[in-house]
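Note sheet for the following structure.
We name chains A, B, ... by the order of the sequence lines, and we start the count at 1 in each one.
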Protein chains: 4
Amino acid sequence: MRILKRKIIENKEIKEANLLDSAFTLFTEKGVKETSVQDIVNKAGVAKGTFYLYFKDKYEIQDYLIIKKSKQLFEKAITSLKEKNIQDYRERVIFIIDNIIDEFAKNKLLLKFISKNLSWAIYSDKISNIIDDSSIGLVDLFLEDIKNINIKIDNPEVKLFMIIEMTSSTVYTSITSNKPLPIEKYKPILYEEIKKILS
Amino acid sequence: MRILKRKIIENKEIKEANLLDSAFTLFTEKGVKETSVQDIVNKAGVAKGTFYLYFKDKYEIQDYLIIKKSKQLFEKAITSLKEKNIQDYRERVIFIIDNIIDEFAKNKLLLKFISKNLSWAIYSDKISNIIDDSSIGLVDLFLEDIKNINIKIDNPEVKLFMIIEMTSSTVYTSITSNKPLPIEKYKPILYEEIKKILS
Amino acid sequence: MRILKRKIIENKEIKEANLLDSAFTLFTEKGVKETSVQDIVNKAGVAKGTFYLYFKDKYEIQDYLIIKKSKQLFEKAITSLKEKNIQDYRERVIFIIDNIIDEFAKNKLLLKFISKNLSWAIYSDKISNIIDDSSIGLVDLFLEDIKNINIKIDNPEVKLFMIIEMTSSTVYTSITSNKPLPIEKYKPILYEEIKKILS
Amino acid sequence: MRILKRKIIENKEIKEANLLDSAFTLFTEKGVKETSVQDIVNKAGVAKGTFYLYFKDKYEIQDYLIIKKSKQLFEKAITSLKEKNIQDYRERVIFIIDNIIDEFAKNKLLLKFISKNLSWAIYSDKISNIIDDSSIGLVDLFLEDIKNINIKIDNPEVKLFMIIEMTSSTVYTSITSNKPLPIEKYKPILYEEIKKILS
DNA sequence: TATGAATGAGGGTTCATTCAT
DNA sequence: GATGAATGAACCCTCATTCAT
């Protein structure tokens, strides 16, 4: 009996994951507005009504996905960071940002889907509700770094927020339209300014 | 005859202005997506078909409005600047930004409508097509300022772009949700960083 | 469960028949062009969107109806033919035509709706797709008749086509405007010519 | 003064001819339904309102054109006939029909525009109202031929009507879709039947 | 749970026609 | 006569959401 229930629960999770995957593929391929609920359920192989058993509407699934994908990006970057042995806290921040920019440069569809909402994803209150989360994010990592050094930085959280906003909006334009500079030329300028902010 | 024609042309301009005003009011009150062409023409007191004599679709009127309103903001700020006698080029940039932020703080609906598209409005190629423009913008003003001083700045255009992006995205969050700080507390920190970038 | 499903399917068929009936009534009463999809769904008592679950557009329902009604006409005539004992293949063709002409004379709205498309309905490739059909049509009946007699006719199919076209276009004018003669006076002349063609 | 008035009248005629030419070109290029009044006036280089000074609506101009073009076809064929010296009245009818079929085969757009309305154009009461006409048509020519020979034909007008209807509907299908036979193979069969009808 | 038929408001757009100029 | 801006009904169609099964 308990096994049957577990199966049902697993089945539910599979269906939900299925819907999320389908939605993500379609959102990045054709855009959120251009993707209908019908498209999503077709791809997922479930009935239209089923969608509404799992999500309130199309935008709930979008929010969920933005947060999930953003988190994955940071997690991957932080994992890479731990393999290196970078001491300087500024270099550590830049390493993570560089890592994520490279990911975006490789996957422009992901960039288009997330970028404009990156900081929202990081700071959203929804994050805890939606995703069962135990991993450390960029913000916590940075604040801990700051605590561990002697240099005093005013308003470290605000500074980090500024860095994230500036980075995500300018990098978006740089990657998608090479303006004001192509990403590889823009990077050194960006990192220079980040260092200034963190000094 | 010529007078009659003039009347017709004036009439057309009045109607166009009417549609733009109505659209702007509705866009800021309920959002672009939630506003239908029907809503706009109802408010403007014209027939639905008339809308399509002036604009291709809802999004053309949106673009037009974003650019127009952005331009007005900068013009007002630049006019104010000219009344003061600020010499330092960094202070001049900050004066303009401060001016615009205050405007946004007073008019949050305008902020919501424009902010996310501010840099697009500034750099859009559409600007010249849509709006008959003879006035100077922030970019030109800044570049001229730079030319007139001896200090050499690397990539001034890129720096300005970074400032605009960082400002508009962080200020948006600050004004609409007081995060990471309320706008009055955030301002000095922001201006400090802008000065660093311009040094 | 199976019974429930059957109910749904029956329900669907009722709704489709409902839409077809409503469309047919409106098409014959006011004409196809003057009938809107809105009119059809109003009469059928379903929502607009429902229409598009069953038909691609107004013209698909029109095609469907023309073929369906034409087929019914021929079927009825052929059924009558079988009750008689007419041996001569020419008389058999004329019997069917006469039968259909009488039907048209009684129902001028049907005539207006179908007549101009009668041969299209007979020869259309769509016939097999749209209507699940096992009954024999005029063409097959005639060709079989021809096979069963010794007299050799050149190009029997072409001759039949000529008869159908000549009949439907002249009968249309005769019934709707009594030109060049009222239908009862025209019939003998027409049948005389048909016999000549078939000899 | 009188000269000025004539100029105005000529101007009107030029404008009307202009509208007719434009409409005919568009009707045959894209079809009547697909041609808007706007299209016609654009091509004619006049204002939309001007159209309604000359024609009640799009369908009046269509009727006018069908009749005009049909008349031209018959006139041309009859002129050709007069250059030959064909004595047999049946051959004379067939000569004219052959002439017109060839014209249609060369100009399929014209065929599509006229064919379905050929007999309407011949017998329409509108003909005298719309077109100032002094020339002889097929009907009159044929009836005169009949009078001049000794052989008695029953209902000659009816027979001619049948020939025209049968010809125009079958030829249309033959030329546009090679069914039931390509036009060159179909012609001899058709002419054989016409001869039978006229005997 | 899961289904998918049904809904119906709303989308953008076209266009014949009118009428003030 | 000539204009063309304005009208607004009608067009077809989409789609998020509901609900009986």
Under the rule for side-chain hydrogen bond (donor to acceptor under 3.5 Å, both in side chains), what residues qualify as partners of A:Asp21, not counting sequence neighbours? none
Between F:dA16 atom P and A:Ile61 atom CD1, what is the distance in whole Å? 12 Å
Residues at least two apart in sequence or cross-chain that pass side-chain hydrogen bond (donor to acceptor under 3.5 Å, both in side chains) with B:Lys56, listed by chain then number, are none
To the nearest angstrom, the OH-C1' distance between D:Tyr59 and E:dT17 comes to 14 Å
Whole angstrom value for the distance that separates P of F:dT7 from CG of B:Asn18: 11 Å
Can you sort out the partners of B:Lys30 under salt bridge (charged side-chain N to carboxylate O under 4.0 Å, His left out), two or more places apart, ordered by chain and number? B:Asp39
Residue-level proximity of residues 34-41 of chain C to DNA chain F when a heavy atom falls under 4.0 Å: C:Ser36, C:Val37
Sequence neighbours left out, what passes side-chain contact (heavy atoms from CB on, under 4.5 Å) with A:Ser22? Give chain and number order. A:Asn18, A:Ile40, A:Lys43, A:Ala44
Could you tell me how far apart D:Asn42 (CG) and E:dC15 (C1') are, to the nearest whole angstrom? 13 Å
Whole angstrom value for the distance that separates P of F:dT17 from CZ of A:Phe55: 14 Å
Could you pull out all residues at least two apart from B:Tyr52 that satisfy side-chain contact (heavy atoms from CB on, under 4.5 Å)? B:Val37
Euclidean distance, atom NZ of residue C:Lys33 to atom P of E:dC15 [Å, nearest integer]: 12 Å
side-chain contact (heavy atoms from CB on, under 4.5 Å) filter on D:Thr28, not counting sequence neighbours, yields D:Phe24, D:Leu109, D:Phe113
Using heavy-atom distances to pick each residue's nearest nucleotide on DNA chain E, tell me which of C:Gly45 and B:Asp57 is more 5'. C:Gly45
Taking NZ from B:Lys56 and C1' from E:dT14, how many angstroms apart are they, rounded to a whole number? 15 Å
With a 4.5 Å heavy-atom cut-off, do D:Phe51 and D:Ile61 have their side chains touching? yes
Output all residues satisfying side-chain hydrogen bond (donor to acceptor under 3.5 Å, both in side chains) with B:Lys108, sequence neighbours left out; order by chain, then residue number. none
Nearest non-hydrogen partners of C:Thr176 and C:Leu111, listed with the distance: CG2-CD2, 3.8 Å
Convert the base pairs of DNA chain E into dot-bracket notation, remembering that pairs crossing earlier ones are written with [ ] and that bases paired across to another strand are shown as |; include only Watson-Crick or G-U pairs under 3.5 Å. .||||||||||||||||||||
So, using side-chain hydrogen bond (donor to acceptor under 3.5 Å, both in side chains) as the criterion, who are the partners of D:Gln38 when residues are at least two apart? D:Asn42, D:Lys48
Tell me which residues in residues 47-54 of chain D lie within less than 4.0 Å of DNA chain E, going by non-hydrogen atoms. D:Lys48, D:Tyr52
Nearest whole angstrom, please: distance from the P of F:dC13 to the NZ of C:Lys58. 10 Å
What residues, two or more places apart in sequence or in another chain, satisfy salt bridge (charged side-chain N to carboxylate O under 4.0 Å, His left out) together with C:Lys116? none
